[in-house]
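The structure appears below as structure tokens.
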Amino acid sequence: MSNAIDSIRLNRRRLLSSLGVSALGLSALSVPALGQSDDVLTEALVLRDPDIPVAGNVDGNISIVEYFDYQCPYCRKVEPELRQVVHEDGKVRLVWKDWPILGPMSVTASRMALASRYQDKFIEGHDALMAINSKLTEERIREALSSAGVDVDRLDRDLESQAGAIEATLTRNNEQATEFGFGGTPAFIVGKFRVPGVLTMPQFAQAIADARKAAAAKTAKKK
């Protein structure tokens, strides 16, 4: 039974790594991966996880999902350009998925950021943590969140009472990033394209355009 399961996982990884390539070198997500209702790679969980707040236009017609780490310098570097592209486009849903792979303090930052959503302060907390340019410490994290309007006393209570939900979200994010074959942060899903690594503003814009074109073609094919 174990060998059969390992074989299925290997075949799925091969499927994900052998997908089509666009002009930007973006790998399209496989339809089977997004169609399995009990899988972490379902379209609902990848693009519309109910436990992760949405930035940008919540009713947008294209989603960008970023797998990131608060200690990742490349994530901080790409943040302003990504936000500007999302703002200028006006029709993009932006979903930040904590993937704390750079040490224990990354995990601490992610847990605190996710806990801040219970105060409807996730986006403010995210922005504050991404703006920290020095080495993360718990004290700096708390100071940044407090400055962003997060009630740190309530945060501590939510960290305890919502620990199971927070860990489930982090586990789900990690499983998704692993199944997609991402090797580090940042990594993106744009529509149904897999985009590992940092993009420039023009590349983000092109990726969004390609994703919309692919979605339109799929819709037309169904008619």
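Values below: all heavy atoms of this structure, side chains included; hydrogens, waters and symmetry mates excluded.
Listed for the Lys192 side chain is no donor-acceptor partner under 3.5 Å among the backbone atoms of Ala215. Side-chain N or O atoms of Arg140 include none that pairs as donor or acceptor with a backbone N or O of Ser134 at under 3.5 Å. A donor-acceptor pair under 3.5 Å is absent between the side-chain atoms of Gln71 and the main chain of Gly103, judged by distance alone.
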side-chain contact (heavy atoms from CB on, under 4.5 Å) assessment of Gln176 paired with Val65: CA-CA 11 Å; Gln176 289 173 1; Val65 179; 5.8 Å; no

Criterion side-chain contact (heavy atoms from CB on, under 4.5 Å) on Asp49 and Lys97, from CA distance to verdict: CA-CA 10 Å; Asp49 191 321; Lys97 295 207 172 188; 4.1 Å; yes

His126 and Glu79: CA distance, side-chain angles, deciding distance, side-chain contact (heavy atoms from CB on, under 4.5 Å) verdict: CA-CA 11 Å; His126 172 86; Glu79 181 84 0; 3.2 Å; yes

Test side-chain contact (heavy atoms from CB on, under 4.5 Å) applied to Val46 and Glu179, step by step: CA-CA 11 Å; Val46 172; Glu179 288 293 335; over 6 Å; no

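Here CG of Asp210 is found 10.0 Å from CD1 of Ile62. Values are rounded to the nearest 0.5 Å. With values rounded to the nearest 0.5 angstrom, Arg142 atom CZ is found 6.5 Å from Leu155 atom CG. We find the CZ-CD1 distance between Arg117 and Ile166 to be 8.0 Å, quoted to the nearest 0.5 Å. Summarising the geometry, atom CG belonging to Asn173 is positioned 10.0 Å from atom CG belonging to Leu45; distances are rounded to the nearest 0.5 Å. The CZ atom of Phe68 sits 11.0 Å away from atom CG of Leu82, with the distance rounded to the nearest 0.5 Å. Annotation: the span from Glu167 atom CD to Leu114 atom CG amounts to 9.0 Å, rounded to 0.5 Å.
Pairing each heavy atom of Lys91 with each of Asn57, the nearest pair is CA-ND2, 4.0 Å. Closest non-hydrogen pair, Ala211 versus Phe193, comes out as CA-CE1, 3.6 Å. When all heavy atoms are compared, the tightest approach of Asp98 to Ala113 is OD2-CB, 4.5 Å. Taking every heavy atom of both residues into account, Arg48 and Gly60 meet most closely at NH2-O, 4.5 Å. Contact between Leu129 and Ala144 at its shortest, heavy atoms only, is CD2-CB, 4.1 Å. Heavy-atom minimum distance, Ser146 versus Val152: CB-CG1, 4.1 Å.
Within 6.0 Å of atom CD in Glu160, 12 or fewer heavy atoms from other residues, nucleotides or ligands are found, so the atom counts as exposed in its surroundings.
Looking only at atom types and distance, the side chain of Thr185 has no donor-acceptor partner in the side chain of Asp69 under 3.5 Å away. For the residue pair Thr108/Glu138, the side-chain donor-acceptor check at 3.5 Å is not satisfied.
By the rule that hydrophobic residues join a cluster once side-chain heavy atoms approach within less than 4.5 Å of another member, Ile52 and Tyr67 end up as members of one cluster. Val78 and Ile123 fall within the same hydrophobic cluster, where Ile, Leu, Val, Met, Phe, Trp and Tyr residues are linked whenever their side-chain heavy atoms come under 4.5 Å apart, directly or through other members. Connection of Val198 to Phe204 is established within a shared hydrophobic cluster, with ILVMFWY side chains joined at heavy-atom distances below 4.5 Å, either directly or through further cluster members. Met130 and Met105 fall within the same hydrophobic cluster, where Ile, Leu, Val, Met, Phe, Trp and Tyr residues are linked whenever their side-chain heavy atoms come under 4.5 Å apart, directly or through other members.
Val95 places none of its side-chain heavy atoms less than 4.5 Å from the side chain of Leu47. At a threshold of 4.5 Å between non-hydrogen side-chain atoms, the residues Tyr70 and Ser106 do not count as touching. For the pair Arg111 and Pro100, the minimum side-chain heavy-atom distance is 4.5 Å or more. Contact annotation: the side chain of Arg83 never approaches that of Pro80 to less than 4.5 Å [non-hydrogen atoms, C-beta and beyond]. Put simply, the side chain of Met112 reaches to within 4.5 Å of the side chain of Leu159, judged on heavy atoms.
When the salt bridge (Lys or Arg N to Asp or Glu O under 4.0 Å) test is applied to Arg154, the partners found at least two apart in sequence or on another chain are Asp158. Glu139 pairs by the side chain to side chain contact (heavy atoms under 4.5 Å, CB included) definition with Thr137, Glu143, not counting sequence neighbours.
Between Trp96 and Phe122, the ring planes lie tilted relative to each other; the angle falls in the 30° to 60° range.
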